[in-house]
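Convention: sequence-line order gives letters A, B, ...; per-chain numbering from 1. Basis for what follows: all heavy atoms, side chains included, without hydrogens, waters or symmetry-related copies.
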2 protein chains.
Amino acid sequence: MRKVPRQERSRRMVERIVTAGREVLVGSGYDAFSTNRVAAAAGISPGSLYQYFPDKAAVLDVIVDRYWDEVADRVAAALADRVGETGPAMVRATAAAALAALETDRALLRVIHEDLPPRRLAAQRRALEQRVRQLLTAVLTARPGDPGRSPDVQAWVIVLAIENLTLRWVLDEPGADRAQLLDEIVHLVTGYVSTAQLGDPGPD
Amino acid sequence: MRKVPRQERSRRMVERIVTAGREVLVGSGYDAFSTNRVAAAAGISPGSLYQYFPDKAAVLDVIVDRYWDEVADRVAAALADRVGETGPAMVRATAAAALAALETDRALLRVIHEDLPPRRLAAQRRALEQRVRQLLTAVLTARPGDPGRSPDVQAWVIVLAIENLTLRWVLDEPGADRAQLLDEIVHLVTGYVSTAQLGDPGPD
DNA sequence: ATTGTATGCGAGCTATCGCTCGCGTCACAG
DNA sequence: CTGTGACGCGAGCGATAGCTCGCATACAAT
């Protein structure tokens, strides 16, 4: 922020800019996200925009950060609430929370994940992954597991799998309903952490 | 292509443009990927570039398409070669092929996946996913499985999981070596397809 | 050799876009 | 009421980048 909005009027304007920016982004894509366009959509002048935002990227940052912070908080909270319950319950609740969080603004999620250069979200994605991974590593370490396998790596695998499955499901609306997806995710994770030594293909 | 290069000289130039484009992309990032810059790097003039490419995007398309087509072919070939072997062997071989393919040009992969808007690769990713998914669905359908679960959905889950795990591993060099990763992927998939009804957490 | 065509050049046109700056307006303090 | 700073405006600057066009050169066919 270049200047702190002191009066109520200017604070409302900052909000209008952010809202208009989101509308332009969702309605017309990232290519249309020019400062002039956003200002026009907000019903203000380009000059006014630059009184409170140092540059175009700052506006985008606010939009993306707000969205992703909410997603991250909801997912992390859901997981933290369920630590101590059984593995499947934890997994299901967390995946369900991720789905719900990602679905709250599908259109914005789509633009962010399909139009924007991934760098924009990379840091925040990593941060969320790490938050979840740390909790999960602790849970995995506490349970008796195959001593030859690293809980850190397992947590990394599980977090990435769930993240990408939920993300793609929300964006692509594939041939599986929500309950089915959650079932499969639970299967995936429980099957994974309970498999014996390699070379045991199970009931194959 | 705006014009077909007939003489040897011009065909070499087109190659030089593509090569230079890749160098600019890898060496200086997508922001630096301007037509003038690419032309300069190729030692030709901007006008010459536009004799064979309709626009800037076309140059980028050739670069990206070539890279991804090679990746896709290698992965699909590895999988096709192993259809008929046991599940774990198939999974391991395919994942290993994916790793090897993605690693052949890590720098380009990084730019493509971190700098470029994901739309650029989306269609081709989907195409590869579908190729692999179809083969996998057939394999899953042939084996005796839980009748309540859909092979299509299972294949979708497995393909996405492997794709994203290998991709992220190549890009992030996380705390697991190659063999470990392959072991975990095999665990993940074999555990997944062999889990019984939901609510059976296995040897928990 | 000559002629038609493919090739290649590079200055520069055009359009866009991020951003600024000088000026008018409004709100609040004294 | 009045003055001072916060607020807001919008034309337009400067830079960039995609792309073109008229011309010179190299090649190939006759």
Side-chain angles (χ1 to χ4, degrees), chain A residues 1-64 111 115-117 119-120, chain B residues 1-64 111 115-117 119-120:
Chain A
M1 284 256 180
R2 169 166 295 185
K3 211 162 72 177
V4 178
R6 306 180 188 279
Q7 302 177 7
E8 175 60 21
R9 177 169 50 133
S10 53
R11 251 170 279 137
R12 281 215 325 271
M13 195 184 64
V14 169
E15 267 327 289
R16 285 236 308 282
I17 293 172
V18 173
T19 303
R22 199 166 41 220
E23 276 162 13
V24 169
L25 210 51
V26 168
S28 311
Y30 180 55
D31 286 345
F33 189 81
S34 70
T35 52
N36 289 349
R37 185 87 144 67
V38 171
I44 60 153
S45 95
S48 300
L49 189 152
Y50 281 92
Q51 286 201 328
Y52 304 101
F53 294 94
D55 52 28
K56 168 178 150 166
V59 181
L60 191 60
D61 283 344
V62 171
I63 296 170
V64 173
V111 177
D115 263 35
L116 260 51
R119 269 196 210 291
R120 180 78 51 174
Chain B
M1 282 257 180
R2 169 165 295 185
K3 214 161 69 176
V4 177
R6 307 180 187 278
Q7 303 177 7
E8 174 61 22
R9 176 170 51 133
S10 53
R11 252 170 278 135
R12 280 215 326 273
M13 194 184 66
V14 168
E15 268 324 291
R16 284 236 307 282
I17 293 172
V18 173
T19 304
R22 199 167 42 221
E23 277 163 11
V24 169
L25 210 51
V26 168
S28 310
Y30 180 55
D31 286 345
F33 189 82
S34 70
T35 52
N36 290 348
R37 185 89 143 67
V38 171
I44 60 151
S45 93
S48 301
L49 188 151
Y50 281 93
Q51 286 201 327
Y52 304 102
F53 294 93
D55 53 26
K56 168 178 151 166
V59 182
L60 192 59
D61 283 345
V62 172
I63 297 170
V64 173
V111 176
D115 264 36
L116 261 50
R119 267 196 212 290
R120 180 77 51 175

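Of the residues near DNA chain C, A:Ala57 and A:Arg9, the one whose nearest nucleotide (by heavy atom distance) lies more toward the 5' end is A:Ala57.
Distance B:Lys56 NZ to D:dT16 P: 14 Å, rounded to the nearest Å. Going from atom CD1 of A:Ile17 over to atom P of C:dG18 covers 14 Å, rounded to whole Å. Nucleotide D:dG8 holds its C1' atom 11 Å from the CZ atom of A:Arg16, rounded to whole Å. Atom CZ of A:Arg6 is separated from atom P of D:dA6 by 6 Å (rounded to the nearest Å). A straight line from CZ of B:Phe33 to C1' of D:dC19 spans 15 Å, rounded to a whole angstrom. A straight line from CD of A:Glu8 to C1' of C:dC28 spans 15 Å, rounded to a whole angstrom. Nucleotide C:dC26 holds its P atom 15 Å from the CD atom of A:Gln51, rounded to whole Å. In this structure, CZ of A:Arg12 is placed 9 Å from P of D:dG8, rounded to the nearest angstrom.
Each of D:dC9, C:dT20, C:dT7 was ranked by its minimum atom distance to the side chain of A:Ser48; first place goes to D:dC9. Picking from D:dG8, D:dG10, C:dT7 the nucleotide with the shortest atom distance to the side chain of A:Met13 gives D:dG8. Among D:dC27, C:dG18, D:dC19, the nucleotide with an atom closest to any side-chain atom of B:Pro46 is D:dC19. Among the nucleotides D:dG10, C:dA27, C:dG8, the one closest to the side chain of A:Ser45 is D:dG10. Closest to the side chain of A:Gln7, from the set D:dC7, D:dC9, C:dT7, is D:dC7. Each of C:dC19, D:dC19, D:dG8 was ranked by its minimum atom distance to the side chain of A:Asp55; first place goes to C:dC19.
Of the side-chain N and O atoms in A:Thr35, one or more sit less than 4.0 angstrom from OP1 or OP2 of C:dG18. Contact check, B:Arg2 against D:dT20: a side-chain N or O comes under 4.0 Å of OP1 or OP2. A sub-4.0 Å separation between OP1 or OP2 of D:dG8 and a side-chain N or O of A:Tyr52 is present. Using a 4.0 Å cut-off, no side-chain N or O of A:Tyr50 falls inside it from OP1 or OP2 of C:dT20.
Looking at B:Arg11 and B:Glu8, a side-chain N of the basic residue comes within less than 4.0 Å of a carboxylate O on the acidic one, giving a salt bridge. Salt-bridge check for B:Asp61 with B:Arg120: passed, with a basic side-chain N closer than 4.0 Å to an acidic carboxylate O.
The closest side-chain heavy-atom distance from B:Pro5 to B:Met13 is not below 4.5 Å. In this structure the side chain of B:Lys56 never reaches within 4.5 angstrom of the side chain of B:Leu49, judged on heavy atoms.
Here the rule is side-chain contact (heavy atoms from CB on, under 4.5 Å) with A:Phe33, and of A:Val59, A:Asp115, A:Leu116 only A:Val59 fits it.
When heavy atoms are screened at a 4.0 angstrom cut-off, B:Ser10 is found touching the sugar-phosphate backbone but no base atom. Within 4.0 Å (heavy atoms only), A:Leu49 reaches no atom of the nucleic acid at all.
Taking all atoms of both residues into account, the shortest heavy-atom contact from A:Pro117 to A:Tyr30 is CD-CE2, 4.2 Å.
For A:Asn36 against C:dC19, a side-chain N or O and a base N or O form a donor-acceptor pair under 3.5 Å.
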